[in-house]
Novice: 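Submitted below is the structure of interest, expressed as structure tokens.
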Amino acid sequence: MTDLAAPPTDATSDARPHVLRCVNPADGSQVAEYPVAGEDAVRAAVARARAAAPAWEALGPDGRERCLLRWAGYLVEHADELCDLVHAENGKPRDDAYLELVLALELIRWAAKNAGRELRPRRVRPGPLMANFAAHVEYRPLGVVGVIGPWNYPIYTPTGSGAFALAAGNTIVFKPSEFTTAIGVYWASAFAAANPELPDGVFGVVTGYGDTGAALCRADVDKIAFTGSTATGKKIMATCAEKLTPVLLECGGKDAFVVAEDADVQAAAQAAAWGGVGNSGQTCVGVERVYVVESVRDRFLSALRKELSGVRGSASADAAYGPMTMPSQVDVVRRHVADALEHGGTAVIGGLDSIRPPYIDPVVLVDTDESSLAVQEETFGPTLTVRTVRDVDEAVALANGTRYGLASTVFSREHGLEIARRLRAGATSVNAALGFAAIPALPFGGVGESGVGRIHGAEGLREFVRPHAIARQRFAIPGPSLSGFDRPAAMMRVVKKLMAKRHSA
Ligand code: NAD
């Protein structure tokens, strides 16, 4: 990993040049260094993207499909190099890095292959009053989209917005997380390496901290597609409000997992263990709260213990999971576990001793008060709360009881869909963990404080276009018209009669 890691932006014009050091979260060793892009460098990157936009749009869906598929091909060809980098900078084991790449590749392919069909012009009926018109909707790219990403899935998450924005005909400027900058630069540079004939600026990247992201929000982009915490999402919405720049916000979650009386308890325990603890719990749609019906509670807990026995985080490339990527998140997890223990919770697996930075061993907290931090706030660590409920009705009420609404899981042999429909969440996986996240055609996003808008699927493509309504008069109706100053009173009488007939109850 080498040429691709060359600094992509020039920070020398900024009043406050800084350097961003990318480190390995397992041992603190340096992975790479990048300049911190200030306001000027960000504006310059947006200007390059703006200049490249007409050429990219002119390629049309077929031309863009070819470029996107070449990018995917390049990523597959260089998968070992990329996964080594993900392991080094994000900390996740190599196989997990590869699986993340698999999800991203499928997203790129879906967006590339479906944009033409999903965004093709659409005829609509003009209605009887306008029968002499032809009416249709065309979908035009927005222009330049600013993509701001997190560190937990540093390839998958920006692909969910970036690849869809590109497929829809926009150019993009990407600001990766300060914790996974080298991965972000690699991801963007791979697009350029796969498509050397394209003008500079189709897929730009700016590196830096939150200030660089804020500068991107102010830099006259046509939309910001953000993935990250709810707290930052709110700041971004406020910044973008200044110019009414539209926002797509993919924020945090506190996902619930419902285990009904008729669940396959063994499968539920396996899914809760992996969905809650995998990636060291640093998954936006990870399982955080389990609601289990009392008749199956003991069996569920005993199966969960078995699933998690021997599961530990470590630096090894084939560990169950790696270190906490962002050091400050360890304190959040510690605070939540302590608060749960103070609020009636019992740790049946692990406890405060499980926190040995940069690793956290699995922690399962039982019957913690519903008002505690561990139940109400995103923990983002390898912890689960498990609450016993009388029945599914109580589980649904509690599951819907936080300010978040990203995703959810239901285990029930007979009633999975019914229960899923009652959950206030953007997505639900029935009888498996996180299924929706691996289906590129399904929209992905949250309700409440989990976000605004959708990535993936047709809905994800539509986030990056503006509908343009076109009404074409096919022939003029002879005589006076409703839309003219010579409109006779008799004509209005006819219209009123028609309306009374058409809309009579
Ligand atoms: P974060 O909010 O701290 O940072 C995300 C990005 O925003 C980073 O690139 C950061 O530099 C940038 N940023 C920070 N302040 C900014 C500002 N004022 N203006 C513009 N940009 C700014 O989030 P994180 O810690 O990187 O990621 C973890 C969070 O992301 C968790 O809450 C997780 O649930 C969420 N997440 C959500 C999804 C989803 O699809 N809903 C996916 C992955 C992660």
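Just so you know, ligand 1 is whichever comes first in the structure, and atom 1 is the first atom listed for that ligand.
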Novice: If you measure every N or O of Cys251 against every N or O of ligand 1, does any of those distances drop under 3.5 Å?
Specialist: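 Cys251 vs ligand 1: N/O contact under 3.5 Å present.
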Novice: For ligand 1, which atoms sit closer than 4.0 Å to a heavy atom of Glu250?
Specialist: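 So the answer, numbered in order with elements, is 37 (C), 38 (C), 39 (C), 40 (O), 41 (N).
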Novice: Below 4.0 Å, non-hydrogen atoms only: which portion of Ser450 touches ligand 1? Side chain, backbone, both or neither.
Specialist: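 Ser450 to ligand 1: no contact under 4.0 Å from either part.
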Novice: Go through the steps for Thr325 and Gln282 under the test side-chain contact (heavy atoms from CB on, under 4.5 Å), then give the verdict.
Specialist: CA-CA 8 Å; Thr325 308; Gln282 305 166 116; 3.7 Å; yes
Novice: Should the ring pair Phe257 and Phe300 be called parallel, tilted or perpendicular, given that the plane angle runs from 0 to 90° and is split at 30 and 60?
Specialist: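 Plane angle between 30° and 60°, so tilted.
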Novice: I want to know if ligand 1 touches Gly213 in the polar sense, i.e. an N/O pair below 3.5 angstrom.
Specialist: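 No, since none of the N or O atoms of Gly213 sits under 3.5 Å from an N or O of ligand 1.
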Novice: Indicate yes or no: does an N/O atom of Trp151 lie under 3.5 Å from an N/O atom of ligand 1?
Specialist: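 Yes - when backbone and side-chain N and O of Trp151 are compared with those of ligand 1, one distance drops under 3.5 Å.
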Novice: Would you say Thr232 has any N or O atom under 3.5 Å from an N or O of ligand 1, going by distance alone?
Specialist: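 Yes; the residue has a nitrogen or oxygen that sits under 3.5 Å from a nitrogen or oxygen of the ligand.
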Novice: Please say whether Thr230 places an N or O atom under 3.5 Å from an N or O atom belonging to ligand 1.
Specialist: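 Checking ligand 1 against Thr230, no N or O pair falls under 3.5 Å apart.
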Novice: Quick one: do Arg94 and Asp84 make a salt bridge, cutoff under 4.0 Å?
Specialist: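 Yes, this pair counts.
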Novice: Phe226 heavy atoms, cut-off 4.0 Å: which ligand 1 atoms fall inside?
Specialist: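 Going through ligand 1 atom by atom, the ones under 4.0 Å from Phe226 are 2 (O), 5 (C), 6 (C), 7 (O).
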Novice: Heavy atoms only: which of Tyr156, Tyr404, Phe380, Tyr153 lies closest to atom 33 (C) of ligand 1?
Specialist: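 It is Phe380 whose heavy atom sits nearest to atom 33 (C) of ligand 1.
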Novice: One residue to check: Val285. Relative to ligand 1, which of side chain, backbone, both or neither has a non-hydrogen atom less than 4.0 Å away?
Specialist: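 No part of Val285 comes within reach of ligand 1.
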Novice: Donor-acceptor pairs under 3.5 angstrom involving side-chain atoms of residues 104-114: please list them, not counting sequence neighbours.
Specialist:
{"from": "Lys113", "atom 1": "NZ", "to": "Glu65", "atom 2": "OE2", "distance (Å)": "2.9"}
{"from": "Asn114", "atom 1": "OD1", "to": "Arg117", "atom 2": "NH2", "distance (Å)": "2.3"}
{"from": "Asn114", "atom 1": "ND2", "to": "Trp110", "atom 2": "O", "distance (Å)": "2.8"}

Novice: Using a heavy-atom cut-off of under 4.0 Å, does the side chain or the backbone of Ile236 touch ligand 1, or both, or neither?
Specialist: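 Only the side chain of Ile236 comes within reach of ligand 1.
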Novice: Please state which protein non-hydrogen atom is closest to atom 18 (N) of ligand 1 and give its distance, to 0.1 Å?
Specialist: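 In this structure, atom 18 (N) of ligand 1 has Lys235 CD, 3.9 Å as its nearest protein heavy atom.
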Novice: Between ligand 1 and Glu178, is the shortest N or O to N or O distance under 3.5 Å?
Specialist: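 Yes.
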Novice: Just which atoms of ligand 1 are under 4.0 Å from any heavy atom in Gly149?
Specialist: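 Numbered from 1, ligand 1 contributes 5 (C), 6 (C), 8 (C), 9 (O).
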Novice: Quick test of your reading of the structure: of Ser229, Gly228, Ala215, whose heavy atom lies closest to atom 2 (O) of ligand 1?
Specialist: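 Considering heavy atoms of Ser229, Gly228, Ala215, the nearest to atom 2 (O) of ligand 1 sits in Ser229.
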Novice: Do any N or O atoms from the side chain of Arg50 and from the backbone of Asp220 form a donor-acceptor pair under 3.5 angstrom?
Specialist: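 Such a contact is found between Arg50 side chain and Asp220 backbone.
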Novice: Please determine, by modelled atom types, if Tyr359 and Ser314 share a side-chain donor-acceptor pair under 3.5 angstrom.
Specialist: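 No donor-acceptor contact under 3.5 Å links the two side chains.
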Novice: Which atoms from ligand 1 have a heavy atom of Leu406 less than 4.0 Å away?
Specialist: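 Every atom of ligand 1 under 4.0 Å from some heavy atom of Leu406: 41 (N).
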Novice: Below 4.0 angstrom from a heavy atom of Tyr209, which ligand 1 atoms are there? Numbered from 1 as shown, please.
Specialist: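 In order of numbering, the contacting atoms are 11 (O).
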Novice: Heavy-atom distances under 4.0 Å are what count here, so tell me which part of Ala231 touches ligand 1: side chain, backbone, both or neither.
Specialist: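 None of Ala231 does.
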Novice: Asn152 heavy atoms, cut-off 4.0 Å: which ligand 1 atoms fall inside?
Specialist: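 Checking each atom against Asn152, I get 43 (C), 44 (C).
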Novice: Which label fits Tyr74 and His78: parallel for a plane angle under 30°, tilted from 30 to 60°, or perpendicular past 60°?
Specialist: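 It falls in the parallel class, under 30°.
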Novice: Among all protein non-hydrogen atoms, which one is nearest to atom 31 (C) of ligand 1, and what is the separation to 0.1 Å?
Specialist: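 Nearest protein contact, heavy atoms only, for atom 31 (C) of ligand 1 is Glu378 OE1, 3.4 Å.
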